[in-house]
Amino acid sequence: MECNSVVDGNVEEVPSKKVIKFNPPLYKQRYQFVKNLVEQHQPKKVADLGCGDVCLLAILKYQKCIEELVGVDINEGRLKWNGSRLSPCVGDHLDPRELDLAITLYHGSVLEKDCRLLGFDLAACIELIEHFDSEDLAKFPEVVFGYMSPAMIVISTPNSEFNSLFPCAVFRDSDHKFEWSRMQFQTWALDVASRYNYSVEFTGVGEPPTGAEDVGYCTQIGVFRKKAEAAEMAVLEHHGEHVYEVVYTTSYPSLQQINYRRRVVIYLVYREVSRLRRKYQVSLRQDELEAEFVASGNQTGKFTSDLPVPVLTEDDKAMEMAPQPFCIEDKFYVPLQRIIAYPRLGHLCGNVEKLREFLGDVIELNCDGSAVKVDLNDCSDF
């Protein structure tokens, strides 16, 4: 029986020992740990060293703070096969993200120096180091901590003390060259942190069952942070050599790209003008019904209407001081000052001049360009 299936997937029951199942599965807990770090520290540039089937990158691409995602792996075939999982989907074009996002997959060894990996905010090494032999393990800190020198590094590796709970006595994966106890990992990590001016904190995922708490987490994790003085002294050598081969690259639509920003602005203006026109139509009908009620001479009760009562949103309340829509004959006008007061449009445009530029010849304005102009009763214009 392969022990890898014991910790990372559904397991078969082995009579000799009670089967341990993790919920969520252990690999998902590791990815969630990195995702939580990203949400907490808001890095812009993140690298996954030893990215494998790009599962972690596929999770992190949804983080709004990230502007550059890079994966590096020695297995070129896996990168080519899985790269499409990182492509933008239809929804990414319909609802663009706020910031640009570029994703690149490199074929190469994390033990090689490539200047395109300099200047990152976070590097993840998830279940990586245990695949190195002693010679490669000795090279790893000099390349990742010394050369790449990201602001934060998270390293996970199996905790060998937990292995006594599994129905096998060998390593969890046939490719593992070693598996460390907590003391061994912490001794190595503290030495590396000291040499390269990082601090390190230890934690893990995969809690042990009741009664076996003394073995610690199934996966042990070290979170390394570059010390402030080291960060100030760091000099990026972007003129260095390009060793890795680009296997896959893509970029995402974003509101930083003028064509997508304009598209979103036009959609929001359409939606806001339609909502205000409908609200105005309801108020006119309300007045007509009330006038008919009074003209009928009904003295038996107070006028009530079955028409829907508009509900004020927080945005409506924030725009109470903005210029109000108005009607001239059969034309309905919404001042641009009113539209720009809508928080998201204000964020996207900044000022009325930019809003007017975005609308261009797509949405009709009045003669002086100060308001959107639509038919009051003909909704086919939108």
Side-chain angles (χ1 to χ4, degrees), residues 24 27-49 51-72 82-106 116-126 148 150-154 156 205 221 223-226 231 248-272 313-315 318 340-351 354-355 358:
Y27 75 93
K28 290 188 176 181
Q29 293 187 43
R30 292 192 285 259
Y31 296 156
Q32 184 64 44
F33 182 89
V34 179
K35 179 184 174 185
N36 291 345
L37 271 185
V38 168
E39 292 175 347
Q40 179 182 356
H41 297 281
Q42 299 288 295
K44 293 183 178 181
K45 300 178 64 175
V46 178
D48 183 10
L49 306 181
C51 61
D53 57 7
V54 308
C55 284
L56 179 57
L57 295 175
I59 293 171
L60 296 182
K61 72 175 186 176
Y62 294 106
Q63 296 300 305
K64 296 179 180 179
C65 62
I66 297 178
E67 298 180 52
E68 183 176 357
L69 269 178
V70 164
V72 180
N82 291 288
S84 60
R85 299 175 60 186
L86 304 175
S87 300
C89 62
V90 173
D92 295 312
H93 291 272
L94 296 176
D95 184 19
R97 50 185 282 131
E98 179 73 22
L99 300 174
D100 289 330
L101 172 62
I103 302 178
T104 306
L105 297 180
Y106 291 117
R116 290 169 292 185
L117 268 291
L118 295 173
F120 276 70
D121 302 305
L122 172 64
C125 307
I126 305 303
M148 296 181 187
M152 183 179 297
I153 304 169
V154 55
S156 78
V205 295
I221 296 174
V223 179
F224 301 78
R225 293 179 177 84
K226 189 187 297 184
Y248 174 85
T249 184
T250 189
S251 59
Y252 274 63
S254 84
L255 296 177
Q256 304 305 310
Q257 300 161 27
I258 197 68
N259 57 327
Y260 284 103
R261 183 177 287 250
R262 184 169 186 260
R263 186 183 304 173
V264 170
V265 167
I266 290 172
Y267 164 74
L268 292 174
V269 170
Y270 273 136
R271 189 179 70 176
E272 181 66 6
T313 65
E314 289 301 317
D315 290 339
I340 201 73
Y342 181 65
R344 192 172 182 206
L345 281 164
H347 169 70
L348 291 172
C349 301
N351 55 61
K354 194 67 178 178
L355 172 60
F358 278 136

Look only at the side chain of R30 and the backbone of I221, and say whether a donor-acceptor pair between them is shorter than 3.5 Å.
-> no

Can you check whether Q256 reaches R261 side chain to side chain, under 4.5 Å on heavy atoms?
-> yes

Donor-acceptor pair, side chain of Q29 and main chain of P24, under 3.5 angstrom | yes

Shortest non-hydrogen contact from K45 to G119?
-> CD-O, 3.6 Å

List the steps and the verdict of side-chain contact (heavy atoms from CB on, under 4.5 Å) for L355 and V265.
-> CA-CA 8 Å; L355 172 60; V265 167; 3.9 Å; yes

Is there side-chain contact between F33 and V223, with heavy atoms separated by less than 4.5 Å?
-> yes

Quick one: does E68's side chain have a donor or acceptor within less than 3.5 Å of a partner on L101's backbone?
-> no

Measuring from R97:CZ to C65:SG, what's the distance to the nearest 0.5 Å?
-> 8.0 Å

Report yes if the side chains of N36 and E39 come closer than 4.5 Å at any heavy-atom pair, otherwise no.
-> yes

So, the side chain of D48 versus the backbone of G71: is there a donor-acceptor pair under 3.5 Å, distance only?
-> no

Of all residues at least two apart in sequence or in a different chain, which pass the salt bridge (charged side-chain N to carboxylate O under 4.0 Å, His left out) check with R225?
-> E201

Can you find a heavy atom in the side chain of V70 that is under 4.5 Å from one in the side chain of F120?
-> yes

How far does CG of L57 sit from OH of Y248, to the nearest 0.5 angstrom?
-> 11.0 Å

Indicate yes or no: at least one non-hydrogen side-chain atom of M148 is less than 4.5 angstrom from one of L49.
-> yes

Which residues satisfy the side chain to side chain donor-acceptor pair (under 3.5 Å) test with D53, sequence neighbours excluded?
-> none

S87 to K61 - nearest heavy-atom pair and separation | O-NZ, 3.7 Å

Do the non-hydrogen side-chain atoms of Y27 and I126 ever get within less than 4.5 Å of each other?
-> no

Check: Q257 side chain, D100 main-chain N or O, donor-acceptor pair, under 3.5 Å = no

To the nearest 0.5 Å, tell me how far L348 CG sits from K354 NZ.
-> 11.5 Å

Option among L345, L255, L94, D95 that satisfies the side chain to side chain contact (heavy atoms under 4.5 Å, CB included) test with V264 = L255

d(Q32 CD, L37 CG) to nearest 0.5 Å is 10.5 Å

What's the verdict on side-chain contact (heavy atoms from CB on, under 4.5 Å) for L86 and L105, showing C-alpha distance, side-chain angles and the deciding distance?
-> CA-CA 10 Å; L86 304 175; L105 297 180; 3.9 Å; yes

Taken to the nearest 0.5 Å, the spacing of Y252 OH from H93 NE2 works out to 9.0 Å

Mind checking the CG-CD spacing from D121 to Q42? Nearest 0.5 Å is all I need.
-> 11.0 Å

Step by step, would you call V269 with F358 a side-chain contact (heavy atoms from CB on, under 4.5 Å)?
-> CA-CA 10 Å; V269 170; F358 278 136; over 6 Å; no

Is the shortest heavy-atom distance from the side chain of L122 to the side chain of H41 under 4.5 Å?
-> no

